[in-house]
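Heads up, the thing below is written out as structure tokens.
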Amino acid sequence: MKQRIGVYICHCGGNISDYVDVEKVREAVAQNDGVLIAKTTMFACADSNQKGMVQDIKENQLDGVVVASCSPKLHEITFKAVVERAGLNKYNYVHANIREQVSWPHSDNKAGATQKAIQIVKAAIAKVRLSEAIEPLEVDTTQAVLVIGAGVAGMKAAISLSKMGTKVYLIEREPFIGGRIAQWDVLCLTNETGKELVSRLYTEIVSNKNIALYTGAQLVDCKGSIGNFTAKVKLSPRYVKETCIDKEILKKAINACPVEVPDEFNFGITKRRAIYHNFPAEYPQTAVIDMNSCTRCGKCTEICDKIDLNMKEEFLELKVGSILVATGFDPYTPNEGEFGYNVIDNVITLSQFKRLLAFSEPGKLQWHDKPVKNVAYIYCVGSRQVDGNNKYCSRYCCTATINTALKSNDKFPELNHFHFTRGIRTYGKQEQLYHNASKSGHVFFQSYEDDPCRVEHKNNKTTVKINDILTNRKELEVEADIVVLVTGMVPRSNNNISDILKLPRGRDNFFNEIHMKLRPVETVIDGITIAGACQGPKNVVESINSALSAAIKTYSFVGKDKLMVKPEVAEVTPDLCKWCDECTKACPFDAIFKNEQGVAQVNETVCKGCGMCLPVCPTNAIQLKTFSDIEIASMIDVLANEL
Amino acid sequence: MSTSENPRILVFSTVKISDPAIDMAGLLKLHYSSKVYTISVPCSSAVKPRWILRALEKDFDGVFIAADGTDCPYGESCTEKTGEIVKKTHQLMKERNIDPIRLKMAAICSVCSEPFIKQINNFSNTLLNLKTKE
């Protein structure tokens, strides 16, 4: 039990003391058991007060400290650092929130606020009295990082990490790098094409000795924890050797392939062979055989001796200190009949339309041999759903659509654009595009979510009708040669990374960060960060920003030989454990195992301190450090005592 | 709304999700009863039934679990697990002749300040009605 406790009660200018009688709080707690010093201070976080606290702790040999001030989200770290500077263990510090949870919400009731502040500070004192000095767990760190996904976010993160001197293993499941960006043409604002961007990043990666790039590489297993992960990666063969550089021979081999399948790169609007190669933005520039489609007829091997259908898959075992996940997104696929998709011939998605524009010859745009002049865009398909699960805005699609429409006129000047929106969200500098489109004669309509536009196909004509709220709900209709569904982003459908790494997902089903603002690239799995659109809809700039942020955070895990990890983990009292297996079933991180003595044991470096194992133990054999039964009970008792 | 008759409520909130919502309620000067106290835990699935029972037996009128819900950074199973804790505790409460209505759970996300106030006010009213009946 701590008996030399220092208590500091902050005025926070007047944010607290305007509503809480801080002197009364001080008097009420000064005589509490174990309290040696109780002071009020105008600004607890001020340098002068911090120095005073350090002096108090040293001169009076304080063994516990409580600061009652603002939310712990703001200054708990500050005051923990203060006590550490004074030589005290930071777990002998407890923070009391008397601003956000007392003075502000109870500014209408000063007496009540003061009484509540007294109880909260007393509860903090009760907790610190029972606090134990615990030390962070020290783990050795492997100074290497695994980056999963070689889209724009993964590539930028890999380059950034390599520049900091870290060894990077960059793995890409697909045979070519670039992710979704490779499929895009001119990007907004920079006017760089997806191919140029991917090409630039690829050149930088292959010339960087710190980065090992693997394509056709899929994470299949991962063991270990922060500082020491062992990742097992399956390498799928290309079946075409890198020495295959004769383009003419390869072209003949491709043409000899009798198999034709929908081309995913063009979102199914064209066909490709089982052996394929040479899309505009594909790197590395070596062809590949899709073994799911290949019939092994051998016709390509008869033409090109660099093709080997007997190549085998290989496995890599990578030892890394941290993992950065940048696995990207899928474009939303509309349901059958959703705005006529897959039912009306000339209804396609924005992704398909962009590819159509990219590979069509300049001049006249055609869809299924018919000229295209009027293009109708229907926004928010698969985003901001009223009935579906995708409640979120996909952020990039308004800008992408307007940018695509504007740029399309450079190549196809005859196109007319009609935008059926639910309110345009071209935020930031992108607003200029909306302005330009409006000035260029694009027509914008708007409807509410409960009254969306309709697509009809009669007498060989496709029309889009809307009750336009910009013209007082007047029904307007446009005859369209092609209807483009502006589809948003959804999480990757075939992404098993979540299961392997035990990464939690949010309610939008994208990977979940710890806190969107305070810890935006960290996951609850220590040592694993997330970047780019695997975390939620983002445009290119936002993806790159998050990638650079994740790279910095990741480097903080592997930049040194040793790493300190939080010691607030579960611990088992062996004498109480009867091994019923309930705790292992409750633990989402496989941090608990049955040891040689036949009782539960916690792997401290794997445990995340969530406490899910606590309530399921029938013998109450598990405690969570800093949230133990006696600490919680002491707080409950004190808080109840006022009553 | 803060009177001496206001029911006394202990809130188990979570460090990463519901704490920010409750803090933001303060920031927005959204008022609620000063008889509402908060103890922070890492995850709502970590609340032990014995903690809830202790609070109720120590004269708190009610216990409110501000659950992480689907936002829980530790995984999707949180909602289900917290629900199990509430179910189990309700049973224990019945065995001790404590009205199960005194324990309430609701998902409070990190920006759910207004829903928090609404939930707490509704719970206060429920507990006040219970007191009146008693």
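Atom CD of Q101(A) and atom OH of Y32(B) lie 5.0 Å apart (nearest 0.5 Å). Between the CG atom of N6(B) and the CG atom of N109(A) there is a distance of 9.0 Å, given to the nearest 0.5 Å. The distance from the OG atom of S71(A) to the CD1 atom of I22(B) is 10.5 Å, given to the nearest 0.5 Å. Rounding to the nearest 0.5 angstrom, the gap separating the CD atom in E57(B) from the CD1 atom in I636(A) is 10.5 Å. For the atom pair CG (D59(B)) and CG (L639(A)), the distance works out to 13.0 Å, reported to the nearest 0.5 Å.
Not counting sequence neighbours, the partners of H11(A) by the side-chain contact (heavy atoms from CB on, under 4.5 Å) test are S17(A), V22(A), T40(A), M42(A). For K16(B), the side-chain hydrogen bond (donor to acceptor under 3.5 Å, both in side chains) partners two or more places apart in sequence, or in a different chain, are Y74(B).
With a threshold of 4.5 angstrom between heavy atoms, R99(A) does not approach chain B through any atom at all. Only the side chain of L624(A) comes within less than 4.5 Å of a heavy atom in chain B; its backbone stays farther off. Residue contact with chain A, scored on non-hydrogen atoms closer than 4.5 Å, involves the backbone and the side chain of C72(B) alike. Only the backbone of I622(A) comes within less than 4.5 Å of a heavy atom of chain B; no side-chain atom from C-beta onward does. The part of S40(B) that comes within reach of chain A is its backbone (N, CA, C, O), which places non-hydrogen atoms under 4.5 angstrom from that chain. Heavy-atom distances place both the backbone and the side chain of K608(A) under 4.5 Å from chain B. Both the backbone and the side chain of D629(A) come within contact range of chain B, with heavy atoms under 4.5 Å apart.
Environment of NZ in K29(B): crowded, with over 12 heavy atoms of neighbouring residues, nucleotides or ligands closer than 6.0 Å. Heavy atoms of other residues, nucleotides or ligands lying less than 6.0 angstrom from NZ of K566(A) number 12 at most. Crowding of E114(B) atom CD: a count of heavy atoms from other residues, nucleotides or ligands under 6.0 Å not exceeding 12. Other residues, nucleotides and ligands contribute more than 12 heavy atoms inside 6.0 Å of the CG atom of N122(B).
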Q: Could you give me the CA-CA distance, side-chain angles and deciding distance for M612(A) and C78(B), then say whether side chain to side chain contact (heavy atoms under 4.5 Å, CB included) is met?
A: CA-CA 8 Å; M612(A) 287 189 187; C78(B) 179; 4.2 Å; yes
Q.
I'd like to know whether Q623(A) forms a side chain to side chain contact (heavy atoms under 4.5 Å, CB included) with K48(B), so could you lay out the CA-CA distance, the side-chain angles of the two residues, the decisive distance to 0.1 Å, and finally the verdict.
A. CA-CA 10 Å; Q623(A) 301 288 330; K48(B) 289 185 178 180; 3.5 Å; yes
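Interface remark: of the candidates L10(B), I17(B), I39(B), I39(B) forms the most heavy-atom pairs closer than 4.5 Å to chain A. In terms of non-hydrogen atom pairs under 4.5 Å with chain A, the most contact-rich of T14(B), L28(B), V15(B) is V15(B). Residue with the most contacts toward chain B among N512(A), L614(A), I632(A), V616(A): I632(A) (heavy-atom pairs, distance under 4.5 Å). Chain B forms more heavy-atom pairs under 4.5 Å with one residue of I120(A), N15(A), N620(A) than with any other, namely N620(A). In terms of heavy-atom pairs under 4.5 angstrom with chain B, the leader among P105(A), S103(A), S107(A) is P105(A).
Listed by first then second residue, pairs satisfying ring-ring contact (aromatic ring centres under 6.0 Å, His included) with a partner in residues 603-639 of chain A number zero, not counting sequence neighbours.
Across all their heavy atoms, A113(A) and S34(B) have their closest contact at N-CB, 4.5 Å.
Taking the charged nitrogens against the carboxylate oxygens, R54(B) and D637(A) do have a contact shorter than 4.0 Å, which makes a salt bridge.
Near-neighbour residues of residues 79-91 of chain B relative to chain A, defined by a heavy atom under 4.5 Å from a heavy atom of that chain, comprise K81(B), I85(B), K88(B).
Proximity of a side-chain donor or acceptor of H106(A) to a complementary backbone N or O of H31(B) within less than 3.5 Å is not detected. Side-chain atoms of K116(A) do not come within 3.5 Å of backbone N or O of Y37(B) as any donor-acceptor pair.
Looking only at side-chain heavy atoms (C-beta outward), S45(B) and P615(A) stay at 4.5 Å or farther from each other. Side-chain contact between K73(A) and P20(B): present, with at least one pair of heavy atoms (C-beta onward) separated by less than 4.5 Å.
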